[in-house]
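Hydrogens, waters and symmetry mates are skipped; everything else that's a heavy atom, side chains included, is used. Counting convention: from 1, in listed order, for ligands and their atoms alike.
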Amino acid sequence: MNDEKPVLIVGGGIAGLCAAIALCRQGFEVELVEIRPTWNIPGVGIIQQSNVVREMARLGVLDAYLRAGFAFDDVALYDERGVQTVRMPGRRLAGPDYPANIGISRQALHRVLYEAATGLGARIRLGATVAECDERDDGVNVHFTDGIRANYALVIGADGIYSKIRGLLFQDRYQPVYTGQAVWRYNFPRRAEIDHLAVFSGPRGNAGLVPISEDLMYLFLTSCEGPGPHIDKSRLTVQMRDHLGEFGGVVGELADQITDNSKVVCRPLETVFVDENWFRGRLVLIGDAAHATTPHLGQGAGMAIEDAIVLSEELAGDGSLNTRLERFMARRFERCRFISEGSVLAGEREMAGDRSFDRAALTTRMQLVTAQPI
Ligand SMILES: Cc1cc2nc3c(=O)[nH]c(=O)nc-3n(C[C@H](O)[C@H](O)[C@H](O)COP(=O)(O)OP(=O)(O)OC[C@H]3O[C@@H](n4cnc5c(N)ncnc54)[C@H](O)[C@@H]3O)c2cc1C
């Protein structure tokens, strides 16, 4: 690798911004291009578990991150009537003074990461992407859609599930696959008793309540939508309430308050997993571009953040670029595969209505795996 040249990151989501922070901290010069012309962050909130809290400490953003979200320790499972069946205390991997988990709005998380990346000197350009890449022995010549041309040591594709950089590496070999489920979300004022992640098992999908600030929590729901999702934008509240019809307890009470179509966020679930090295030459993929999975284990962004940190560590090490990227793969591949496959399995069991599926055991295993150092 030519360490004198800048590194280009394509995509300003969680993976791209964390890579920018981690690479700046390792002393690399970093440029990032984001295709959206403005920071209009999609989605509602996100659960970040103990491995992520630990890595946020290593990125040096933990205090700002904790201020921006809602810290909690426990995860509890409930049946559809709202009766608690299991309560799993979280492990405080960042140290005894820090919480095990955090819920945070996507907008707040983005703000923390963006401010850290730009504060460390990453140059970020909006409304542009890569038009062409021409790899040479000493770098990659990149031609951008806004007419700019420049030369880089490495191009990192952090451009999400529909990654253009993945297309440059593998053409159309890896395409997102719809799983048969959708996820619905709606914000509510936080109830005092929702001071933990609460997951409710229903007969046709799971619901959950996630605190994301002192004042806010969101309700999520997975639904089985069959071969093609039938999401009618004019009837989002009706559809979401209908899916919640079998839940009692707090979820049942909240269902009646879902009244504003514009506040329902619904997305069909898709996955992709690049089942070989995520790099060739001077192009490498991280985050959803390499391994987008379903949210059933709440670890997609966690894996993206870990990818960013491990990649920065390995790029700062010795050896040829190929050797550094092979070390990156060796640290990431099986861990991400476990999360991808476990998440998909949990969704398949939900769709099959398999009440014997031991979700708590899978969650415990995920916690043990992700507690291991990266
Ligand atoms: C409903 C749902 C709920 C989830 N909940 C959780 C959760 O609770 N916890 C968790 O850990 N994970 C969760 N995930 C997974 C998590 O959202 C993703 O794993 C994470 O956002 C991946 O980050 P990323 O940066 O790799 O990709 P993205 O978030 O998709 O970011 C990619 C970025 O690249 C930009 N981009 C795209 N194409 C280009 C291009 N050609 N050029 C330049 N820029 C481009 C995009 O605009 C975007 O800014 C959830 C996912 C879903 C669908």
Practice task
If a pair satisfies ring pair (Phe, Tyr, Trp, His ring centres under 6.0 Å) and one of its residues is in residues 78-103, list it, with sequence neighbours excluded.
Solution key: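 Listed by first then second residue: Tyr78-Phe200.
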Practice task
Check whether any side-chain heavy atom of Leu219 sits under 4.5 Å from a side-chain heavy atom of Ile258, and report yes or no.
Solution key: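 Heavy-atom side-chain distance check passes, below 4.5 Å.
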Problem - Sub-4.5 Å side-chain heavy-atom contact between Leu368 and Arg91 - result: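 Yes. Closest side-chain heavy atoms under 4.5 Å.
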Problem - Set of residues that line ligand 1, where lining means a heavy atom lies under 4.0 Å from it - result: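 If the criterion is a heavy atom under 4.0 Å, then ligand 1 touches Val10, Gly11, Gly12, Gly13, Ile14, Ala15, Val33, Glu34, Ile35, Arg36, Ile46, Ile47, Arg106, Thr129, Ala158, Asp159, Gly160, Lys164, Val183, Arg185, Arg267, Gly287, Asp288, Pro295, Gly298, Gln299, Gly300, Ala301, Gly302.
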Practice task
Write down the atom of Ile194, the atom of Ala198, and the distance for their closest heavy-atom approach.
Solution key: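 In this case the closest contact between Ile194 and Ala198 is CD1-CB, 4.4 Å.
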Practice task
Would you name the heavy atoms of Thr370 and Leu93 that are closest together and state the gap between them?
Solution key: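 For Thr370 versus Leu93, the nearest heavy atoms are O-CD1, 4.4 Å.
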Practice task
Using side-chain hydrogen bond (donor to acceptor under 3.5 Å, both in side chains) as the criterion, point out the one residue from Arg327, Arg58, Gln26 that pairs with Glu313.
Solution key: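 Going through the options one by one, the only one that passes is Arg58.
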